[in-house]
Amino acid sequence: MAELPQNLFGVALVGSGSAIPSQSLTNDQLGQRVDTSDSWIRTRTGIGARRVIGPDESITSLSSKAALAAVEMAGWNLESIDLILLATSTPDDLFGSATAIQAELGAKNSVCFDLTAACSGFLFSLVTAAQFLRTGAMKRALVIGADQLSRWVDWDDRRSCVLFGDGAGALALEATSPESDGLIGFKLKSDGFRGNCLNLPQVGKYLSLASGINHQQGGFEFIQMNGQEVYKFAVREVPLILAEVLELHEIHPDKLDWLLLHQANQRILDSVAERFSIPNEKVLSNLSSYGNTSAATIPLMLDEAVQDGRIQSGNLIASSGFGAGLSWGAALIRWQGPA
Ligand code: ACO
């Protein structure tokens, strides 16, 4: 990769928000549908329950709620937002849902688009939004991570349906001086050659439109996952990419206040923490309540820890997202909070 240009501006993390569906589905309730048990799910994953979106809820409604909370914490006027970037693989509309969020918020001056990178989506979006702020092209960006994988899991497949839940989280980013930069470093990676261990493939109805013109209409299947391969990928690649970013910025792991990983499996969190000798009390986890909410896990967890006072202004956080693609990334961030 080419040498990074000099940053004109820093990026401050000034507000957070989150929103979850009202329905909670426990492991015991799931056990009434598929052949599983609370003890199997808890031991293998750390998950106790997950939120499942109801018929009256949507990615747009959850994201708007999370975004509004982040904007209020930041103390922004809605018309001052330049960018709304929605990380999701499960929009309400295949053309994207970021503009629907704009309309719901009334943020009429923002440019809005979706970014798809599965469970790495929030980290990829954070870094993408930061580039607009660094160059001075924009001043204020809302980055939202939201997914509704419950709509796309096979609820009869016990190997995958126990893992996922729905939710949304948002972060308000603001251009600041380079000295107060809150995105200290990052690294993003993709490996399409290993992409077939986690997919949500298209299936369609074959149609013959005219003689010799064959066509397949759109539609999607359920999530297909080779759990063991994804697990091996995560416990190998996440420590490597985190170590790369820490070493590049000469930050020893004991200087970190928090480890904030994509919430996929407690065993993955524990394994990464052990690799860096990070004590349990610095490892943020809400898997037991929400399971894997895909692009939402990182901002949802961050907001929870900001709200309950664990994350304080000035705290240094190492974060890593990983998932389908395959895609993965790491970022070192400093939470600033509202002025
Ligand atoms: N309840 C009870 N038994 C189960 C269940 C279940 N829910 N699921 C699988 N089993 C059984 C299997 O059938 C198997 O039985 P068998 O030995 O008789 O064949 C046994 O449990 C062991 O199955 P494994 O697949 O070997 O279990 P493992 O310890 O690997 O745990 C898990 C499975 C939890 C899926 C794990 O591999 C994992 O967490 N992988 C990572 C998945 C992940 O994080 N995916 C999301 C990535 S992010 C994104 O982009 C969306």
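Owing to the predicted nature of the structure, the values given are computational and were not obtained by experimental measurement. Counting convention: from 1, in listed order, for ligands and their atoms alike.
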Checklist entry - Given Phe222 and Trp155, is the ring-ring contact (aromatic ring centres under 6.0 Å, His included) satisfied, shown in steps? => result CA-CA 9 Å; Phe222 296 127; Trp155 286 105; 9.8 Å; no
Checklist entry - Distance below 4.0 Å between atom 24 (P) of ligand 1 and any protein heavy atom? => result yes
Next on the checklist: Looking at Tyr290, I'd like to know if the NZ or CZ of Arg50 sits under 6.0 Å from its six-membered ring centre while staying within 45 degrees of the ring's axis.
Outcome noted: no
Next on the checklist: Quick check against the 3.5 Å criterion: does Asp181 have a side-chain atom that pairs as donor or acceptor with the backbone of Val11?
Outcome noted: yes
Checklist entry - Looking at ligand 1, does any of its N/O atoms fall within less than 3.5 Å of an N/O of Arg44? => result yes
Checklist entry - Is the closest heavy atom of Ile41 to ligand 1 under 4.0 Å? => result no
Checklist entry - Under 3.5 Å between some N or O of ligand 1 and some N or O of His262? => result no
Checklist outcome for this item: Arg151 meets the salt bridge (charged side-chain N to carboxylate O under 4.0 Å, His left out) criterion, sequence neighbours left out, with none
Item to check | Nearest neighbour in protein (non-hydrogen) for atom 43 (C) of ligand 1 | outcome: Val230 CG1, 3.7 Å
Checklist entry - Judging by distance only, is a nitrogen or oxygen of Asn265 under 3.5 angstrom from one on ligand 1? => result yes
Checklist entry - What are the atoms of ligand 1, with element, lying closer than 4.0 Å to any heavy atom of Ala324? => result 49 (C), 50 (O)
Checklist entry - Checking Thr60 side chain against Ile101 main chain: does a donor-acceptor pair fall under 3.5 Å? => result no
Next on the checklist: I'd like to know if the side chain of Thr45 and the backbone of Ile41 have a donor-acceptor N/O pair within less than 3.5 Å.
Outcome noted: yes
Checklist entry - Does the N or O separation between Ser37 and ligand 1 drop below 3.5 Å for any pair? => result no
